[in-house]
Undergrad: 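The structure that follows is given in the form of structure tokens.
The figures that follow rest on heavy atoms only: side chains count, while hydrogens, waters and symmetry mates do not. Residue numbering restarts at 1 for every chain, and letters A, B, ... go by the order of the sequence lines. None of the values given here were measured: they were computed from a predicted structure.
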Amino acid sequence: MSETIEKKASYNPKEVEDKYYKICEARGYFEIEGNKEIQEAGTDGKIKTFSIMMPPPNVTGSLHIGHALTFTLQDIITRYKRMDGYKTLWQPGTDHAGIATQNIVEKQLLAEGTTKEEIGREKFLERAWLQKKTSGNNIVHQMRKLGVTPAWQRERFTMDEGLKEAVKEAFVSLYNEGQITQDTYMVNWCTHDGALSDIEVEHEEVNGKFYTMIYKFADGSGELEVATTRPETYFGDTAIMVHPDDARYKDIVGKEVLLPLTDRKIKVITDEHVDMEFGTGVVKVTPAHDQNDYAVGQRHNLEFIKVFDEKGILNDYCGEFAGLERLEARPVIVKKLEEEGYIVKIEEHLHQVGHCYRCKNIVEPFISTQWFLSAEMAQNSIQKAKDTTKERAEKGSSLFHPPHWINSYTAWMDELRPWCISRQLWWGHRIPVFTCEDCNHTWADKADEPEACPKCSSKKLTQDPDVLDTWFSSALWAMSPLGWGNNGKMAETYNDTDMEEFYPNSLLITGFDIMFFWVARMMMMGEHFQGKLPFEDIYMHALVRDEHGAKMSKSKGNVIDPLDMVEEHSADIIRFTLAYLAVQGRDIKLGAKNLEQFRNFTNKLYNATNYLQLNVDTFKDLNEIKVVTPLGRYMESRLAEAVEKVRDSLDTYNFSDAAKALYNFVWNEFCDWGIEYSKADRESIPELGAIFKETLKMVSPFMPFISDHLYHKLSGTTLEEGESLMVLPFPKEIKADEEAEKMFAIIEESITALRRAKVVIDMGNSKIDKAYIKLDPTAKIDTQMAKPFIEKLAKVLEIEFVDAKVADSITDVSDNLEVYLPTGEIDMTPIITKLTRQKEKLEKEIQKLNGMLNNERFVANAPEAVIAENKQALEDANNKMTKVSAELEGFGV
RNA sequence: GCUCGCUUAACUCAGCUGGUAGAGUGCCACUAUGACAUGGUGGAAGUCACAGGUUCAAGUCCUGUAGCGAGCACCA
């Protein structure tokens, strides 16, 4: 690199982003009245409203790339709607994240050499709140680095005073309706975290072992081979079962076998559940420790024997093994069985094992008493989601975007089972159910500490020790921050009109991974309490992967930290990159290359601004001027198309299309043509500046900082003393100018033809003295107007319009014109080659078009417009063919 | 096993309701001309996974196959 090339100044986001963000937040732009000046009424005469709830991140979490994607998309839509005159609510908040937070605090205690049991519930909760406070706002501050604009003044926490009320409101109401009931049932049990709902269990394939062991008949008449993956549970066996049709075992049904190493006898029964083909066809039945056996046990009235406790410690049923932990016990028990000759064989066995989604512990099916929310209460929301889809389908829209998610949603909902909502934790919403110690009356109460038993007035009351599943409070998130159920608490964070204005929410944007955890639950709660589904649209975005398509994970070391990216590039660049890559229905592969492309884009924006200001200091807004120059008219017309494209794309949540439309307009239209043309027509520059400022308004939702900065730069104002771009109206209703478009199409064609021709004579893009253009009779333009543009961009000192081919020249043939470059004695071979290839292409095209147009059935069936289009294409091709052939003849080919 | 998605240029991906295949990157050639070399100009590059079907016309609609991915269920 030569040292003479100076490093030019470029845009420095670090000087802009934090400063601008602080100013905008302080001015209240993010709040629902932040754009009051430009709010406008909809068709019904009321102010248009738009609402979107932020999926509350875990209060103890930190920002990862998935957050960056979801928040960026939410922010783009929010900013767009805000600029488009909607009264806009983007509701922020954080989630108390029961298990996750509790685990963090427990670890801290462990490090301090104590436990939660030792310090007690009250102290523990103090610690948890402390943890919430210290690490709690971390993520919220990290989010600001992305430039997102939720209504921070309304920030909520799923365990704040108001939302606590909402949870109680929902619980008590559902309890009184009989939708919430307590039941003793087999649940998924984590020996560390307690009860889990079905979807909190992650099934993973593991290499296990398949043990075939011997059960001897009690009467000494032989033995049975029984296969199992979990030998340690055999102490809880209460039957042996075979298939009723299994001829092999007809004779043993009803006989008794002895459990190995014990003298307990169990019976051989028959049940359809057995798969005769699998294993030995003989199955041990452990009703207290297996989901299927539980059902078998109920069918056959078997005894339910638990062999370990909540912590997984084996009990007295296990004889000498009592006191061992269930997983540690297995090899010990197997060893003993082997020694005693009870093990026939041990095989490798690949099978699915459930793990706790939080601590990865192996989950046990375990019988316990828990609270459940009935599946019936979800029925209306299921039906409505289907109906809504039907209604919308007629309008060409759908509830889910992309629409195929409705399949997953309904498939899951149709098989919905009661939701286990109680958790054996301390951190969370305490279950508001009380029992009177005197009369045993049990009831749900909204009061934290009810005065007395409503039945016998006793004051000896106890509250259920458990808390609710974190997702229970999240399930209310579409309405609880709007004041629903808040019982007057925290009323400063919402308005009385909020429910009416913002429910149903306009849109939900979230990842598909929490569709069942969260979306489905909000659907049931929203419909149940409001009679309306909580969302008008649901946009499910994909996963962000690394550049090779692998999932990002700490262990793989391929994690991209969004804050690092902000540091290295800028919030604007990350936002634009993510938006550009956010195509519906496909995962995002993110690599350094992507970011570079859009870093270059910001540079382009910056330099376009520089260019404009080399010529004119400051520019007016587009609506303040009348665009009169031909170039101005043309660029405004191109802008009109870009505006329409960006709007359409955002309206249908096609973020990628919107970003592409912006990118293409700025780079390929405005810079490559507009700015270059303006070098031949300085008069148009004030108009181009106004058009560029309008473009920056469209850029603003995607790249809020650089757009604001450049807008003020071009206006000769500052953000400090002026209004931010983010609360100015989003461009709309710009008119296309067909006449200008047509003229510039010919000018552009001339320039391209000349550039091509120059390459053929090895002139590259160096300057030449003279060139000629012969326009077809159909190509009518103002040649005086066109001339300087063509000369400048084609780099020809002088062009001349002619009516006939110029002698001693080479030609470039295009649709509406031919250009001629005068030649000395140059080698004509490359030109002939080029023309020959062009001719071959044309022949093929003409043949194809002729084939179509001579096909009677095509002419009879195709719409007129399509026929006309093809006829025109044929005519054009034939024209061009004539010209190319004439050229070739000229060369004697 | 069931459901869904993906398969288009060397790579990463667009392509709506069927009407002559697009972008970015990369590649080749030219290029320090007054916004930008993070730039400009021109160019090469595709049996649209495969096999059938519907249609005047299929990357696009239908059926099936294969490969990859995701979710759900089952596996004693």
Side-chain angles (χ1 to χ4, degrees), chain A residues 1-2 4-5 8 10 198-199 203 210 226-230 233 241 273-275 278-286 290-293 296 349-352 396 402 404-408 411-412 415 512-513 515-516 542-543 547 549 580-581 583 585-589 591 593-594 596-615 648 652 654 656-657 660 663-664 668 671-672 675-676 679 751-752 755-760 762-767 792-795 844-845 848-849 852 855-863 865-867 869-870 873 877:
Chain A
M1 241 326 120
S2 148
T4 57
I5 298 174
K8 307 246 171 70
S10 59
D198 294 336
I199 44 178
H203 291 274
F210 201 36
V226 180
T228 178
T229 54
R230 308 198 48 200
T233 63
M241 64 179 170
H273 172 69
V274 180
D275 177 359
F278 192 81
T280 57
V282 184
V283 186
K284 66 197 263 306
V285 184
T286 324
D290 182 276
Q291 205 77 247
N292 290 308
D293 293 1
V296 173
H349 184 62
L350 199 64
H351 64 144
Q352 299 276 334
H404 70 257
W405 285 111
I406 188 73
N407 293 318
S408 298
W412 190 72
E415 284 176 32
F512 60 82
D513 49 328
M515 167 122 109
F516 305 137
L543 226 60
E547 56 192 320
Y580 192 92
L581 298 176
V583 163
R586 197 191 276 255
D587 282 349
I588 292 174
K589 284 182 199 164
K593 272 268 160 58
N594 302 114
E596 236 171 73
Q597 186 186 342
F598 302 108
R599 182 208 49 193
N600 295 352
F601 183 55
T602 56
N603 188 245
K604 198 74 179 170
L605 288 168
Y606 180 78
N607 280 300
T609 304
N610 274 351
Y611 169 79
L612 292 166
Q613 290 194 309
L614 278 180
N615 296 281
D648 284 353
T652 50
N654 287 300
S656 177
D657 285 350
K660 272 180 188 156
Y663 183 94
N664 287 336
N668 303 331
C671 291
D672 286 352
I675 285 186
E676 293 306 321
K679 291 173 182 171
I751 294 164
T752 313
R755 283 168 173 172
R756 259 197 315 259
K758 280 163 68 182
V759 169
V760 175
D762 262 350
M763 289 301 291
N765 53 356
S766 39
K767 228 169 216 156
K792 185 80 186 174
L793 271 67
K795 286 190 187 167
K844 268 192 199 162
E845 200 176 319
K848 181 171 180 181
L849 288 165
M852 277 171 84
N855 182 340
E856 281 170 30
R857 287 186 296 180
F858 170 72
V859 179
N861 290 310
V866 174
I867 296 175
E869 205 174 288
N870 282 294

Undergrad: Using whole Å, report how far NE2 of A:His349 lies from C1' of B:A76.
TA: 8 Å

Undergrad: What's the gap between B:G18 and B:U60 when it is taken at their P atoms, as a whole Å value?
TA: 11 Å

Undergrad: Does A:His351 have any ring-ring contact (aromatic ring centres under 6.0 Å, His included) partners at least two apart in sequence or in another chain, and if so, which?
TA: A:His349

Undergrad: So, does A:Lys604 get its side chain near the phosphate of B:G40, meaning an N or O under 4.0 Å from OP1 or OP2?
TA: yes

Undergrad: Any chance you could measure A:Tyr663, atom OH, to A:Phe601, atom CZ, to the nearest 0.5 Å?
TA: 7.5 Å

Undergrad: Looking at the side chain of A:Leu849, which of B:U38, B:U20, B:A23 is the nearest nucleotide?
TA: B:U20

Undergrad: Answer with base, sugar-phosphate or nothing: what part of the nucleic acid does A:Glu676 contact at a heavy-atom distance below 4.0 Å?
TA: base

Undergrad: Is the distance from OP1 or OP2 of B:C56 to the nearest side-chain N or O of A:Asn861 less than 4.0 Å?
TA: yes

Undergrad: Could you tell me whether A:Thr602 contacts a base, only the sugar-phosphate backbone, or nothing, with contacts defined as non-hydrogen atoms closer than 4.0 Å?
TA: nothing

Undergrad: So, OP1 or OP2 of B:A35: does either fall under 4.0 Å of a side-chain N or O from A:Lys679?
TA: yes

Undergrad: How does protein reach along nucleotides 2-7 of chain B, written 5' to 3' as B (base within reach of a heavy atom under 4.0 Å), S (only sugar-phosphate), or - (no contact)?
TA: --SSSS

Undergrad: Considering every strand and a 4.0 Å limit on heavy-atom distances, what is the contact class for A:Pro402: base, sugar-phosphate, or nothing?
TA: nothing

Undergrad: If you find the nucleotide of RNA chain B closest to A:Glu596 and the one closest to A:Val759, which residue's nucleotide is nearer the 5' end?
TA: A:Glu596

Undergrad: Need one value for A:Gln597: base, sugar-phosphate or nothing, where a base atom within 4.0 Å counts as base even if backbone is also close, heavy atoms only.
TA: sugar-phosphate

Undergrad: Under the rule for side-chain hydrogen bond (donor to acceptor under 3.5 Å, both in side chains), what residues qualify as partners of A:Thr609, not counting sequence neighbours?
TA: none

Undergrad: Considering only the P atoms, how many Å lie between B:U41 and B:C36, rounded to the nearest integer?
TA: 14 Å

Undergrad: Write down the distance separating the C1' atoms in B:G43 and B:U3, rounded off to the nearest Å.
TA: 47 Å

Undergrad: Looking only at atom P, what distance separates B:C16 and B:G22, rounded to whole Å?
TA: 14 Å

Undergrad: At under 4.0 Å between heavy atoms, what does A:Leu614 touch on the DNA or RNA strands: base, sugar-phosphate, or nothing?
TA: sugar-phosphate

Undergrad: Give the rounded distance in Å between these two atoms: CZ of A:Arg756 and P of B:U41.
TA: 14 Å

Undergrad: Measure the distance from CG on A:Asn870 to P on B:C56 and round it to the nearest whole Å.
TA: 16 Å

Undergrad: Test of understanding: with side-chain contact (heavy atoms from CB on, under 4.5 Å), list the residues that count as partners of A:Arg230, not counting sequence neighbours.
TA: A:Thr228, A:Glu232, A:Thr233, A:Phe308, A:Arg330, A:Glu364, A:Pro365

Undergrad: Heavy atoms only, 4.0 Å cut-off, all strands: where does A:Val583 land among base, sugar-phosphate and nothing?
TA: sugar-phosphate

Undergrad: From CZ of A:Arg857 over to C1' of B:G18, roughly how many Å is that when rounded to an integer?
TA: 17 Å

Undergrad: Can you tell me how far apart CD1 (A:Ile675) and CG (A:Leu612) are? Round to the nearest 0.5 Å.
TA: 5.5 Å

Undergrad: Would you say B:U38 has OP1 or OP2 under 4.0 Å from some side-chain N or O of A:Arg599?
TA: no

Undergrad: Check the distance between B:A14's P and A:Ile588's CD1 and give it to me in whole angstrom.
TA: 10 Å

Undergrad: Where is the tightest heavy-atom contact between A:Asp293 and A:Thr286, given as atom of each residue plus distance?
TA: OD2-N, 2.7 Å

Undergrad: Can you tell me how far C1' of B:G24 sits from NZ of A:Lys593, to the nearest Å?
TA: 11 Å

Undergrad: Quick one: is A:Asn600 getting a side-chain N or O under 4.0 Å of the B:G39 phosphate, OP1 or OP2?
TA: yes

Undergrad: Distance between the P atoms of B:G59 and B:U7, in whole angstroms?
TA: 15 Å

Undergrad: When the P atoms of B:A44 and B:A21 are compared, how many Å lie between them, rounded to an integer?
TA: 16 Å

Undergrad: Name the nucleic acid region contacted by A:Asp275, choosing base, sugar-phosphate or nothing; use a 4.0 angstrom heavy-atom cut-off, strictly under.
TA: base

Undergrad: May I have the distance from A:Lys589 (atom NZ) to B:C68 (atom P), rounded to whole angstrom?
TA: 15 Å

Undergrad: Output yes when a side-chain donor or acceptor of A:Asn615 lies under 3.5 Å from a complementary backbone atom of A:Tyr611, and no otherwise.
TA: yes

Undergrad: Closer than 4.0 Å, any side-chain N/O of A:His203 to the OP1 or OP2 of B:C74?
TA: no

Undergrad: Could you give the distance from CG (A:Asp587) to CG (A:Leu581), rounded to the nearest 0.5 Å?
TA: 12.0 Å

Undergrad: How close or far is atom C1' of B:A23 from atom CG of A:Asp657, stated in whole angstroms?
TA: 11 Å

Undergrad: Test of understanding: with side-chain hydrogen bond (donor to acceptor under 3.5 Å, both in side chains), list the residues that count as partners of A:Lys758, not counting sequence neighbours.
TA: none

Undergrad: Could you summarise the pairing of RNA chain B as dot-bracket text, marking Watson-Crick and G-U pairs under 3.5 Å with ( ) or [ ] inside the strand and | across strands?
TA: (((((((..((((.....[..)))).(((((.......))))).....(((((..]....))))))))))))....

Undergrad: Pick base, sugar-phosphate or nothing for A:Ala873, based on heavy-atom distances below 4.0 Å to the nucleic acid.
TA: base

Undergrad: Of the listed nucleotides (B:C72, B:C56, B:A35), which one gets closest to any side-chain atom of A:Phe516?
TA: B:C72

Undergrad: Name the residue closer to the 5' end of RNA chain B, choosing between A:Ser656 and A:Phe512 according to the nucleotide with the nearest heavy atom.
TA: A:Ser656

Undergrad: When we call it a touch if two heavy atoms are under 4.0 Å apart, what does A:Val859 touch: a base, just sugar-phosphate, or nothing?
TA: nothing

Undergrad: Do A:Tyr580 and A:Asn594 touch side chain to side chain, with heavy atoms closer than 4.5 Å?
TA: no

